[in-house]
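See structure below.
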There are 2 protein chains.
Amino acid sequence: MDPQVKDKRTAIMDAALKLFTERGFHGTSTAQISKEAGVATGTLFNYFPTKEDLINSLYFEFKGRLSCNIKVGINEEVSLKDKLRRLWLNFIWWGVNNPEEYLFVEQFCSSPYITKITREEVMKEYIFFYNLTQEGITSGIFKHHTPELTMKIFFHGTKAVGGLILDPNVSLDTDELIEDGFRIIWNGLTTE
Amino acid sequence: MDPQVKDKRTAIMDAALKLFTERGFHGTSTAQISKEAGVATGTLFNYFPTKEDLINSLYFEFKGRLSCNIKVGINEEVSLKDKLRRLWLNFIWWGVNNPEEYLFVEQFCSSPYITKITREEVMKEYIFFYNLTQEGITSGIFKHHTPELTMKIFFHGTKAVGGLILDPNVSLDTDELIEDGFRIIWNGLTTE
DNA sequence: CCCAAATGACTGATTAGTCAATCGTTGAAA
DNA sequence: TTTCAACGATTGACTAATCAGTCATTTGGG
């Protein structure tokens, strides 16, 4: 009920997310996390046996949320372009509204920790989008590039736009950036 | 002469580069760097007063090399498209041929260390390209987007292609990837 | 012989993780 | 209603290992 008396496990995860994205995994000590969460050092290890377990728990938590959210409403669209626009919007808005969680997932993916868990767990999330891309290629909407290149360009496009929106040194209209960005990538992938 | 008897300062920087990109700044101890470089722990501190100095020295070294290399041959081209293609090629090939240095610069840019040195030092490097982008916009070659968005999309395009080339799980023709990638981005930024 | 370069044992601080002691809630007995 | 035993949740002082950085000593080329 009272947000102050929230679950300690949640408090630890919130504190860890904040500090990890701020200072990195190695740059954040378990003592700092405990202090930020307002619990004793021992409490952290009741919920997460090791620091690495904490990191992995955070990853699966946020990765799960991200996976759900980027698919919202896609099946309601009929054309491939609308489906991909929905994916584009979902992905960017997720990053903009949850910058710490988004940053954490990115940080985790390019860290040694990823090698310790099944990489397939991560990959199978993208199959959904891989199929979408391939649909565009075989149906002739996309130019005849490999799905890998098409996917990479698309996702790096979302990163480019998301990065601009979150950059405090840049103040441009958010909706316009998102729409312009999509048009650029879509045109690039389709027009000859 | 003999590569074994190379300058100790260089040996330390090489070792640090390797370990930093492998395990991150905090994840690498000065003792590990010294051992990898084949010198005593004290020697490292003869050349670099602190660990942070070592990191900053590495950054300025590689950033300088990168800045020089991506501009090679651009002024010899006449059309904007050829200049940008040259930039595209230079940037991707630098990343592919010097993955550790490239990764290090990226890692450094998105770390707290960057705040401790003049950020302008980094920014002024991009003015060159910013002007190139603006030239394309004012001359009507590029669509009327902000230079910021145009730049971001372009550089994220190079990252997308570079990432695919370096990904050991993907084996696609390098030259084709680079050319296809450029065509996608160029078409996206120019066609209506 | 000399002196800058190199060394590695050393220091105080900090790390991840432990564990015996304490806290606070609960349910049943008086 | 009051009391208290019981037990899981929480605590923080503690440890062994590791950290960045020091410095008296050794080394080796001119």
Side-chain angles (χ1 to χ4, degrees), chain A residues 1-60 104 107-108 111-117, chain B residues 1-60 104 107-108 111-117:
Chain A
M1 307 279 182
D2 183 358
Q4 295 294 349
V5 195
K6 70 168 105 179
D7 187 44
K8 293 203 187 276
R9 189 186 151 92
T10 307
I12 291 167
M13 289 181 84
D14 287 348
L17 171 64
K18 181 186 167 192
L19 295 175
F20 280 149
T21 53
E22 235 172 66
R23 316 169 190 210
F25 300 138
H26 290 285
T28 305
S29 69
T30 53
Q32 288 173 318
I33 296 169
S34 303
K35 193 179 174 186
E36 174 79 24
V39 301
T41 63
T43 306
L44 189 151
F45 291 99
N46 284 346
Y47 291 100
F48 309 96
T50 67
K51 187 183 181 183
E52 202 173 304
D53 276 309
L54 169 60
I55 295 172
N56 281 291
S57 294
L58 279 170
Y59 175 72
F60 280 114
F104 180 89
Q107 211 174 95
F108 185 89
S111 85
Y113 293 102
I114 193 74
T115 63
K116 291 179 185 166
I117 61 165
Chain B
M1 307 285 179
D2 183 358
Q4 296 295 349
V5 195
K6 70 169 102 178
D7 187 43
K8 293 204 187 274
R9 188 186 152 92
T10 306
I12 291 166
M13 289 181 83
D14 286 348
L17 171 64
K18 181 186 167 192
L19 295 175
F20 281 149
T21 53
E22 235 172 66
R23 317 169 191 210
F25 299 138
H26 290 286
T28 306
S29 69
T30 53
Q32 288 173 318
I33 297 169
S34 303
K35 192 179 175 186
E36 174 80 23
V39 301
T41 63
T43 306
L44 188 152
F45 292 99
N46 285 345
Y47 291 99
F48 308 95
T50 67
K51 188 183 182 183
E52 201 171 306
D53 277 308
L54 170 58
I55 294 173
N56 280 293
S57 294
L58 280 170
Y59 175 73
F60 280 115
F104 180 90
Q107 208 173 98
F108 185 90
S111 85
Y113 293 101
I114 193 74
T115 63
K116 291 179 185 167
I117 62 164

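Each chain gets a letter, A, B and so on, in the order the sequences are listed, and its residues count up from 1.
- Within the 4.5 Å cutoff, no side-chain heavy atoms of B:I12 are placed close to those of B:R9.
- Checking side-chain atoms of B:K51 against main-chain N and O of B:T28 turns up a donor-acceptor pair under 3.5 Å.
- Put simply, NE2 on B:H26 is 14 Å from P on C:dT14, counting in whole angstrom units.
- In this structure, CD1 of B:I12 is placed 12 Å from C1' of C:dT7, rounded to the nearest angstrom.
- Taking 4.5 Å as the limit, every side-chain heavy atom of A:N56 sits out of range of all side-chain heavy atoms of A:F48.
- Among B:R23, B:M13, B:E36, the one residue that satisfies the side-chain contact (heavy atoms from CB on, under 4.5 Å) test with B:K18 is B:E36.
- For B:F45 and D:dG21, the CZ to P distance is 5 Å, given to the nearest whole Å.
- Put simply, CD on A:E52 is 15 Å from C1' on C:dT15, counting in whole angstrom units.
- For B:T41 against C:dA9, a side-chain N or O and a base N or O form a donor-acceptor pair under 3.5 Å.
- In this structure, A:N46 places its CG atom 9 Å from P of D:dT11, rounding to the nearest Å.
- Of all nucleotides listed (C:dG8, C:dA16, D:dA20), C:dA16 comes nearest to the side chain of A:K51.
- Comparing A:G42 and A:Q32, the nucleotide of DNA chain C nearest to each residue sits closer to the 5' end for A:Q32.
- Heavy atoms of A:S34 sit nowhere under 4.0 angstrom from any nucleic acid atom.
- Separating the CG atom of A:L19 from the C1' atom of C:dT15 is a distance of 15 Å, rounded to the nearest angstrom.
- Using a 4.0 Å heavy-atom distance criterion, B:Y47 is classed as a sugar-phosphate-only contact.
- B:R23 has its CZ atom 19 Å from the P atom of C:dT15, to the nearest Å.
- Between A:I33 atom CD1 and C:dT15 atom P there is a gap of 11 Å when expressed in whole angstrom units.
- Contacts of A:S29 with the nucleic acid, taken as non-hydrogen atoms under 4.0 Å apart, involve only primed sugar atoms and P, OP1 or OP2.
- Under the 30°/60° scheme for interplanar angles, the aromatic rings of A:F25 and A:F108 are found to stand perpendicular.
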